[in-house]
Amino acid sequence: MPQSLGKQKFIDMLSQAAILLVLFAPVTYAINLGLLSHKGEPAGPYVTVVDLLALVFTAAFAITIIVKREYRRLRIPPFAAIALFLWFAFGFFRITPEVQVGKAGILKESLQVLEFLCFGFALFLTAMHDRRTVGLFLDTLTVAVTGVIGYGLYQYFSYDIPAFEVSSVLTNNSVLSAFLAISLPLVIANSLSADTHARKAWALLLLLGSIPLVMNGWFLGALFISLGVFAGLYGRWFALIGLFALLLLVAIIVPNLPRDNGGRLLETTQLYHRLDNDDARALMKTHVVSVRVRNWQAALLAAADRPLLGYGPSSYSNAVRPNFYFDAKYTARTDDPTAFDIHVDEPSSFSTYAVLLVEQGVIGLLIFLSLIIAAIRWSLVACYCGKPVAVLGKGALCSLIALVISAQFTYVFDRGLAFVMVFTFALAFTVYEYARGYREA
């Protein structure tokens, strides 16, 4: 018995130390190993702190469980997560001569999916083995969000950088906005499951602090919709009052901010941009379709040539580029196409669904969607279980809603978002198991 207790105690300590994965998940500062190149410049792979932590904890858990023979503690990711990695790896056999794809790029993308959806998923499921540890992970997420918002507000009010480059520790403001939209419902749900009013007040402060930082209208909409659904899960009046309170807060805060947040929010949601230059007047054009929409449409045209299998991992830019000028009537100039080639190499502006459709085909996209649908089902079961974990199920569901919306406007497999996405999946599965009685406190 003492030996068994010793085994469990060591694994429990390892599980609690794994909260570092959540703490450093949003940190995108990375070391460029320079093994790949793009346009003659070193282009990765990039190794972040959370990448190193995932490697260390995966090895530590594997060795500990094997040596101590605690195999029952090991949790395996859902089949869809493993299947998506295998489909990425199968990309080596889906290369086409029409679109250049480097084998090093395929290997990098496949290893990242292995890290996120297999190792990361298994680590979170294994570590969150009791409700106390689940609470510890969520408390750590609250600390991480607090740090991200605190540093972001420092950047926002310091005026050392342009408004839309306020990004805290993430890649840019779009990724920061997506991170906050996905994380805040979990933070709020964790605060409501606590007994103290201090945690609820802290969550409210974090929500208020996020309003100046979310300068992309699509992600602010994702946050509002997710929080509206969260309030609605408590009743119709909660939803109405909650949404009214959010709108009132934004109406009061945004116009009084020192930067032009309102203008940025409107600009980021525009599908067309007004033209006012000599070229526009010469071509008799008043508006041009936004780069984001051109990217989506070019992706659909590229995917139509290879819909089922896709072109393979890391092929998106090369596959989409020939179709990026799909319709001359939407361009401001017709003799200088490079003028419009401005976001085709920026992953943070890509739609996750478009990237998966082009690179992984309908098969890969459906595998990813099946994982999201499964996670939503897990959280729904927890929402209506009538147990204390129901509030966490509601938080997981609303974070997933924010994720589904955000994925249309940024690449959620990118640094800073991938581990947060996987943590949300893992939490949904964990509370589902508690709801069904498969786990005990």
Side-chain angles (χ1 to χ4, degrees), residues 12-30 48-54 56-57 116 120 123-156 166-171 175-214 223 226-227 230 389 391-392 394-396 398-399 402-403 415-428 430-431:
D12 289 346
M13 291 173 59
L14 196 58
S15 298
Q16 293 172 8
I19 62 173
L20 293 174
L21 289 169
V22 174
L23 184 64
F24 288 98
V27 178
T28 57
Y29 302 132
T48 64
V49 174
V50 75
D51 293 330
L52 297 175
L53 288 173
V56 169
F57 280 110
F116 301 145
L123 284 172
F124 287 132
L125 290 179
T126 302
M128 292 190 291
H129 58 85
D130 59 27
R131 294 184 189 178
R132 180 178 177 275
T133 310
V134 171
L136 188 61
F137 268 82
L138 287 169
D139 289 344
T140 305
L141 178 63
T142 302
V143 173
V145 172
T146 300
V148 167
I149 291 177
Y151 186 46
L153 289 175
Y154 167 77
Q155 291 180 335
Y156 182 89
V166 172
S167 59
S168 189
V169 295
L170 290 110
T171 308
V175 180
L176 169 63
S177 300
F179 171 79
L180 294 176
I182 296 169
S183 301
L184 280 171
L186 291 178
V187 171
I188 293 173
N190 184 45
S191 71
L192 292 177
S193 66
D195 296 329
T196 63
H197 294 295
R199 291 197 181 191
K200 298 178 178 64
W202 190 250
L204 178 60
L205 287 175
L206 291 178
L207 177 60
L208 293 174
S210 69
I211 292 176
L213 301 180
V214 180
L223 178 60
S226 64
L227 294 181
F230 190 93
V389 295
V391 66
L392 297 183
K394 295 172 183 177
C398 295
S399 284
L403 172 65
R415 298 191 306 274
L417 292 178
F419 268 104
V420 177
M421 173 183 68
V422 173
F423 175 71
T424 306
F425 290 159
L427 180 68
T430 300
V431 296

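Numbers here are sequence positions counted from 1.
- Thr140 pairs with exactly one of Leu21, Val145, Leu23 by the side-chain contact (heavy atoms from CB on, under 4.5 Å) rule, that one being Leu23.
- Ala54 and Leu123 make their closest contact through O-CD1, 3.8 Å (heavy atoms, listed as atom of the first residue, atom of the second, distance).
- Considering CG of Leu208 and CG of Leu153, their distance stands at 10.5 Å, rounded to 0.5 Å.
- Taking every heavy atom of both residues into account, Arg131 and Val389 meet most closely at NE-CG1, 4.1 Å.
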Quick one: side chains of residues 182-193, donor-acceptor pairs under 3.5 Å with protein atoms, not counting sequence neighbours, listed by atom name and distance.
{"residue": "Ser183", "atom": "OG", "partner": "Phe179", "partner atom": "O", "Å": "2.9"}
{"residue": "Asn190", "atom": "ND2", "partner": "Asp139", "partner atom": "OD1", "Å": "2.9"}
{"residue": "Ser191", "atom": "OG", "partner": "Ile188", "partner atom": "O", "Å": "2.6"}
{"residue": "Ser193", "atom": "OG", "partner": "Asn190", "partner atom": "O", "Å": "2.7"}

- Task: Under the side chain to side chain contact (heavy atoms under 4.5 Å, CB included) rule, what do Phe124 and Val22 come out as? Steps first, then yes or no, please.
- Result: CA-CA 9 Å; Phe124 287 132; Val22 174; 3.8 Å; yes
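- Here CG of Leu227 is found 7.5 Å from SG of Cys398. Values are rounded to the nearest 0.5 Å.
- Formation of a donor-acceptor pair under 3.5 Å by the Gln155 side chain with backbone atoms of Val166 is not found in this model.
- Rounding to the nearest 0.5 angstrom, the gap separating the CG atom in Leu206 from the OG1 atom in Thr142 is 7.0 Å.
- A donor-acceptor pair is defined here as one N or O able to donate and one able to accept, closer than 3.5 Å; no such pair exists between the side chain of Thr133 and the backbone of Gln16.
- Residue Ser15 holds its OG atom at 9.5 Å from CZ of Phe57, rounded to the nearest 0.5 Å.
- Taking both residues in full, the closest heavy atoms of Ala402 and Ala181 are given as CB-O, 3.3 Å, listed atom of the first, atom of the second, then distance.
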- Message: Assess the residue pair Val169 and Tyr29 against the criterion (side chain to side chain contact (heavy atoms under 4.5 Å, CB included)); give the C-alpha distance rounded to whole Å, side-chain angles, the decisive distance to 0.1 Å, and a yes or no.
- Response: CA-CA 7 Å; Val169 295; Tyr29 302 132; 4.1 Å; yes
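- Residues Thr48 and Asp51 form a side-chain contact, since some pair of their non-hydrogen atoms from C-beta on lies under 4.5 Å apart.
- Between Ser177 and Val214 the shortest heavy-atom distance is OG-CA, 3.5 Å.
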- Evaluation steps, side chain to side chain contact (heavy atoms under 4.5 Å, CB included), between Leu213 and Ile149: CA-CA 8 Å; Leu213 301 180; Ile149 291 177; 4.1 Å; yes
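- Note that CZ of Phe419 and OG1 of Thr424 are 13.0 Å apart. Values are rounded to the nearest 0.5 Å.
- Pairing each heavy atom of Met128 with each of Phe137, the nearest pair is CG-CD1, 3.7 Å.
- Side-chain contact between Ser167 and Val175: absent, with no pair of heavy atoms (C-beta onward) separated by less than 4.5 Å.
- To the nearest 0.5 Å, atom CG of residue Leu176 and atom CG of residue Leu417 are 9.5 Å apart.
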- For Phe425 and Leu403, what are the C-alpha separation, side-chain angles and deciding distance, and is it a side chain to side chain contact (heavy atoms under 4.5 Å, CB included)? CA-CA 10 Å; Phe425 290 159; Leu403 172 65; 3.8 Å; yes
